[in-house]
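Structure record follows, encoded as structure tokens.
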There are 2 protein chains.
Amino acid sequence: MHSYTEENYLKALFNLANEKGEVSANELSKKLEIKMPTVNSMMKKLADKKLVHYESYKPLRLTEKGKKEAGLVIRKHRLTEMYLVQKMDFGWEQVHEIAEQMEHLHAPDFFEKMAEMLGYPTIDPHGSPIPDKSGKIDWRHYEKLSDCKAGDTVKLSAVINGTDEFLKFLNTRELQLGVKIKIKIVEPFDGSMLVSYNKKTGETLSHTVAERLLVELVK
Amino acid sequence: MHSYTEENYLKALFNLANEKGEVSANELSKKLEIKMPTVNSMMKKLADKKLVHYESYKPLRLTEKGKKEAGLVIRKHRLTEMYLVQKMDFGWEQVHEIAEQMEHLHAPDFFEKMAEMLGYPTIDPHGSPIPDKSGKIDWRHYEKLSDCKAGDTVKLSAVINGTDEFLKFLNTRELQLGVKIKIKIVEPFDGSMLVSYNKKTGETLSHTVAERLLVELVK
DNA sequence: ATATTTTGTTAGATGAATCTAACTTTATAG
DNA sequence: CTATAAAGTTAGATTCATCTAACAAAATAT
């Protein structure tokens, strides 16, 4: 089994991973607020355990095993958030701190029971996908909004990299999960989109934003 | 705040405490499965923090502050057990391991919500009292063994007016706190009881003794 | 009342996770 | 294309919770 500390590194690596799956030691250091040399030696330790691919001066990558372990920690976190919101009536802004601690519990029956009580949810209250019991996220039904084309109508289903700031940004635009978005124009030069949703008829979303919004196509 | 480790020492001290409130370093060492020298240095550390009264070669006692902190940890443990049994449909034998981990969460809102959802219970699923928000146990629902009837199964929880002699008497009969006692016969003429506990199947306890033993009913 | 056993203490080592200081490699800007 | 900055690494110190070995005090048994 992995320590509380190791789990936090795995989780951070998982969350920071870009499309290449690469993370710099520096990013990781900043995210965890742990100094570089500490991160460095932990990476060697995780490499010994076959959880991380480590080569001097190269970016970090989780191994398959590492991804699975990280996914399972994140599963516990997101199931917990969902449970707290749905079954204990907490607000979505209150649950992160609690889930941050609960994700380290070694109590498979407990989390399985939560999942059962929640009807095996696939997204958490912030719209982040919940990894399955093998630590994998099922991306099948999601597409990035930025990959859709003019004329498509989609439903906002999940949010990638949901920092507080980004969530607040979405709130101010009334972009809640479940909102139906109609894509009117995709600007070819910068990928920004002119869309309509709710009663708004002409909102513009930058490519950066559109990349972080996961949607499902609606007919 | 106290570390996970410190909390475990406090909890063990609280649980081992007899009427005098005294615990030997040896008992503590055995209970925690941690070697004596480690226990010893931890006691000095807790003494520095004013959580334990420590004097060389003397038994250990929790300070008022220590009792409160320990009580709060135990409150979290027992609330959790109650929640798991009542709201998540776990069996009472399944919940200890989970509660053992959850008791260390720093999440006041979470435990408060549990308490609220449970209607502010005062005993846990095993019949142990749940300390209140100030870490204190309300002893009101304890009964004298002498007030119980044949057929009852009870747990020895405290001893009234425990002189050294009385404690030695209890020790020679293996009557430690926590022992489950089954009452087989109550003699009507003198109130003495024929009971079984541990591996003993036919011990007699006089009314005088039974009056001094505080028990909780076990279902 | 002394010898033996049990309990408690001291000293020093270890491993985990962190740090700072100093150095090296890679990236970036003139 | 070099100079500087940023990122990564190495070495060594620190703190926490643990250990073993050796010693001291208290309790117990003969």
Side-chain angles (χ1 to χ4, degrees), chain A residues 1-13 16-18 20 22-49 51-62 66 69 73 100-101 103-104 106, chain B residues 1-13 16-18 20 22-49 51-62 66 69-70 73 100-101 103-104 106 164-165 167-172 176:
Chain A
M1 210 28 45
H2 313 294
S3 71
Y4 180 107
T5 308
E6 287 168 349
E7 286 185 353
N8 272 134
Y9 281 91
L10 290 174
K11 186 175 57 127
L13 281 165
L16 288 173
N18 48 42
K20 277 214 198 92
E22 291 184 352
V23 180
S24 76
N26 209 351
E27 280 176 280
L28 188 53
S29 168
K30 277 169 187 153
K31 174 70 165 282
L32 292 171
E33 297 182 298
I34 287 171
K35 295 286 182 294
M36 286 280 288
T38 309
V39 168
N40 195 258
S41 56
M42 182 57 79
M43 288 308 102
K44 289 178 173 177
K45 183 178 172 187
L46 293 182
D48 284 348
K49 294 192 171 189
L51 293 163
V52 165
H53 294 294
Y54 173 83
E55 287 176 276
S56 280
Y57 300 104
K58 294 273 167 63
L60 303 160
R61 283 176 303 120
L62 284 170
E69 298 299 331
V73 174
E100 202 67 10
Q101 297 177 61
E103 72 193 6
H104 300 293
H106 299 303
Chain B
M1 210 31 44
H2 313 295
S3 71
Y4 180 107
T5 309
E6 287 169 347
E7 286 185 351
N8 273 135
Y9 280 91
L10 291 174
K11 186 176 56 129
L13 282 165
L16 288 174
N18 49 45
K20 279 216 199 89
E22 292 183 351
V23 179
S24 76
N26 211 238
E27 280 176 280
L28 189 54
S29 169
K30 278 169 186 153
K31 175 70 166 282
L32 293 170
E33 297 181 300
I34 287 171
K35 295 288 182 292
M36 286 279 290
T38 309
V39 169
N40 196 257
S41 56
M42 182 57 80
M43 288 309 102
K44 289 177 172 177
K45 183 177 172 186
L46 293 182
D48 284 349
K49 293 192 172 187
L51 294 163
V52 165
H53 293 295
Y54 173 84
E55 287 177 275
S56 280
Y57 299 104
K58 293 274 167 63
L60 302 161
R61 283 176 304 120
L62 284 170
E69 298 298 330
V73 174
E100 202 69 10
Q101 297 177 61
E103 72 192 8
H104 300 293
H106 299 303
D164 261 26
E165 265 173 7
L167 289 174
K168 273 181 190 155
F169 166 84
L170 295 179
N171 275 338
T172 61
Q176 283 95 7

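All heavy atoms count here, side chains included; hydrogens, waters and symmetry mates do not. Proteins get letters first, then strands, A, B, ... in listed order; numbering begins at 1 in each.
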Discussion item. I need a per-nucleotide contact map over nucleotides 5-10 of chain C, read 5' to 3'. Cutoff is protein heavy atoms under 4.0 Å; write B for the base, S for backbone only, - otherwise.
Written reply: --SBBB
Worksheet item: Hey, which of A:E69, A:E100, A:H104 is the one that makes side chain to side chain donor-acceptor pair (under 3.5 Å) with A:K11?
Response: A:E100
Worksheet entry | Nearest heavy-atom neighbours spanning B:L28 and B:A12 | CD1-CB, 3.6 Å
Practice prompt. Taking all non-hydrogen atoms of both residues into account, name the closest pair between A:H53 and A:L62 and its distance.
Written response: CD2-O, 3.9 Å
Item to complete: Rounded to the nearest angstrom, tell me the gap between atom CD in A:E22 and atom P in D:dG8.
Response: 11 Å
Worksheet entry | Phosphate OP1/OP2 of D:dT18 contacted by B:Y9 side-chain N/O (<4.0 Å) | yes
Worksheet item: How far does CE of B:M36 sit from CG of B:N26, to the nearest 0.5 angstrom?
Response: 5.0 Å
Fill in: Candidates D:dT20, D:dT18, C:dC19 - which lies nearest the side chain of B:K35
D:dT20
Discussion item. In this structure, how many angstroms lie between the P atom of D:dC16 and the CD atom of B:E6, rounded?
Written reply: 9 Å
Item to complete: May I have the distance from A:K49 (atom NZ) to C:dG15 (atom P), rounded to whole angstrom?
Response: 15 Å
Worksheet item: Between atom CD1 in B:I34 and atom C1' in D:dC16, what is the gap in whole Å?
Response: 13 Å
Discussion item. Base, sugar-phosphate or nothing for B:T5? Non-hydrogen atoms, less than 4.0 Å.
Written reply: sugar-phosphate
Worksheet item: Counting only heavy atoms not in B:K58, do more than 12 fall under 6.0 Å of its NZ?
Response: no
Practice prompt. Nearest whole angstrom, please: distance from the C1' of D:dC19 to the CE of B:M42.
Written response: 14 Å
Practice prompt. Mind running side chain to side chain contact (heavy atoms under 4.5 Å, CB included) on B:L13 and B:M43 for me, showing each step along the way?
Written response: CA-CA 10 Å; B:L13 282 165; B:M43 288 309 102; 4.1 Å; yes
Worksheet item: Rounded to the Å, how far apart are A:M43 CE and C:dA16 C1'?
Response: 14 Å
